[in-house]
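Have a look at the structure below before the remarks.
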Amino acid sequence: MKGFYNLGELATADVEKLVARALHLRAGAAPRRFEGKALGILFFNPSLRTQASFQRAAGKLGVDLVQLQAGGNGVWGIECEDGVTMDAGNAEHVREAAPVLGRFVDVLAIRAFAGIQSLDRDLRDALMNGFRKHAGIPVVNMESALWHPCQALADWTTMDLYEIPRRAKFVLTWAWHPKPLPHAVPNSTVCMASQRGMDVVVLRPKGYDLHESILAEASALAKANGGTLTVTDDRESALKDASIVYAKSWASLGCWGNTEAETAQRAGLREWCVSPEWMKRTDRARFMHCLPVRRNVVVRDEVLDGPWSIVIDQAENRLHAQTALLESQFASLERKSQIRAKSPVPLELPQ
Ligand code: CP
């Protein structure tokens, strides 16, 4: 099943088609309707933009929406590791939960962040990949441990909306934050800008590199699409001639799961907060952030409220990009004849 896990899995021409469709939808084009089909959205983590925009997109496409939330009185705790004895907190395994949901809906969207406890588990993207493996229907990634492809698609859409040239300089900057945050957004951002063929600079203090596998993927995407990728801690040179400053905080890979070590490492880095002085060193750059953002921690009020910021358009484009994406997912299902209700199979015991 195709689904949508990581933007970089799509050919650049296919991303361009989705972005063009998102911009048509934004300009008022009517989405296709898929009455009788259903979308499931399951959140293991909080959300404002993703939740609201997927709900709204479902309405625009005329599909039924099954909305589920984990935790509290939501769905059962779901185990995703194979071969475990389930005598702890989780009551259900993804091997049952995913295919059961796959019998109720036609496309399933999942949000499952990195736990930032086990780097191995987060790099395996264990819960998201459990759903992808077992659902039997297309699964859309609404932010996993590794990727936030819907955000990346909306961000590309936003840069096209603002007519940011393909070869413009794109700076992804680390910012201070009181908590260690997952890498899904910076991973998807650096790969998206590289796939768009931009001159991408990752500006970060020492100790805050993205994972080598992500930088390798971004580098390959840049090479294939005519862009460049640079990693630096030299703010002056990074900001010079920049057209986009994209801020995000992320945890140190070297301190993964060790909050005390992380706190000690980022002590002294509080001045990594995007200010008007940063923006004035650029080439009239636009400021982007996926939101939610902590004011005067990640970015100063004067930037967010000033002429540089395009974060509200960026958030709005989540709706148009996801409507385009879901439209293509449901359209591709229409082209396949699916037998959803499975017939009972005869019992055959092992010899
Ligand atoms: N950017 C983003 O995914 O926002 P939410 O976490 O509010 O959905």
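Atoms within a ligand are numbered from 1 in the order they appear, just like the ligands themselves.
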request  = Assign the ring pair Trp272 / Trp278 to parallel, tilted or perpendicular, where the plane angle (0 to 90°) is split at 30° and 60°.
outcome  = perpendicular
query = Take atom CZ in Arg56; do more than 12 heavy atoms of anything else shown fall under 6.0 Å from it?
reply = no
query = Among Arg318, His289, Gln51, which one has a heavy atom closest to atom 2 (C) of ligand 1?
reply = Arg318
inquiry  = Is there a polar contact, in the sense of an N or O pair closer than 3.5 Å, between Pro292 and ligand 1?
reply    = no
note = So for Leu291 against ligand 1, with non-hydrogen atoms under 4.0 Å, the contacting part is backbone
key: Best match, Arg49, His148, Met142: closest heavy atom to atom 3 (O) of ligand 1   = His148
Proximal ligand 1 atoms for Gln151, defined as those under 4.0 Å from one of its heavy atoms = 1 (N), 2 (C)
message = For Glu271, is the CD atom crowded, meaning more than 12 foreign heavy atoms sit under 6.0 Å from it?
response = yes
query = Counting from 1, what ligand 1 atoms have a heavy atom of Cys290 closer than 4.0 Å?
reply = 1 (N)
note = for atom 6 (O) of ligand 1, nearest protein heavy atom and its distance come out as Arg111 NH1, 2.8 Å
task = Specify the protein heavy atom at minimum distance from atom 7 (O) of ligand 1: its residue, its atom name, and the distance to 0.1 Å.
result = Leu48 N, 2.7 Å
ask   = Of Arg167, Lys240, Lys169, which meets salt bridge (Lys or Arg N to Asp or Glu O under 4.0 Å) against Asp199?
value = Arg167
task = Quick one: which residue pairs count as a ring pair (Phe, Tyr, Trp, His ring centres under 6.0 Å) with a foot in residues 22-42, not counting sequence neighbours?
result = Phe34-Phe330
ask   = Do other residues, nucleotides or ligands put more than 12 heavy atoms under 6.0 Å from the CD atom of Glu35?
value = yes
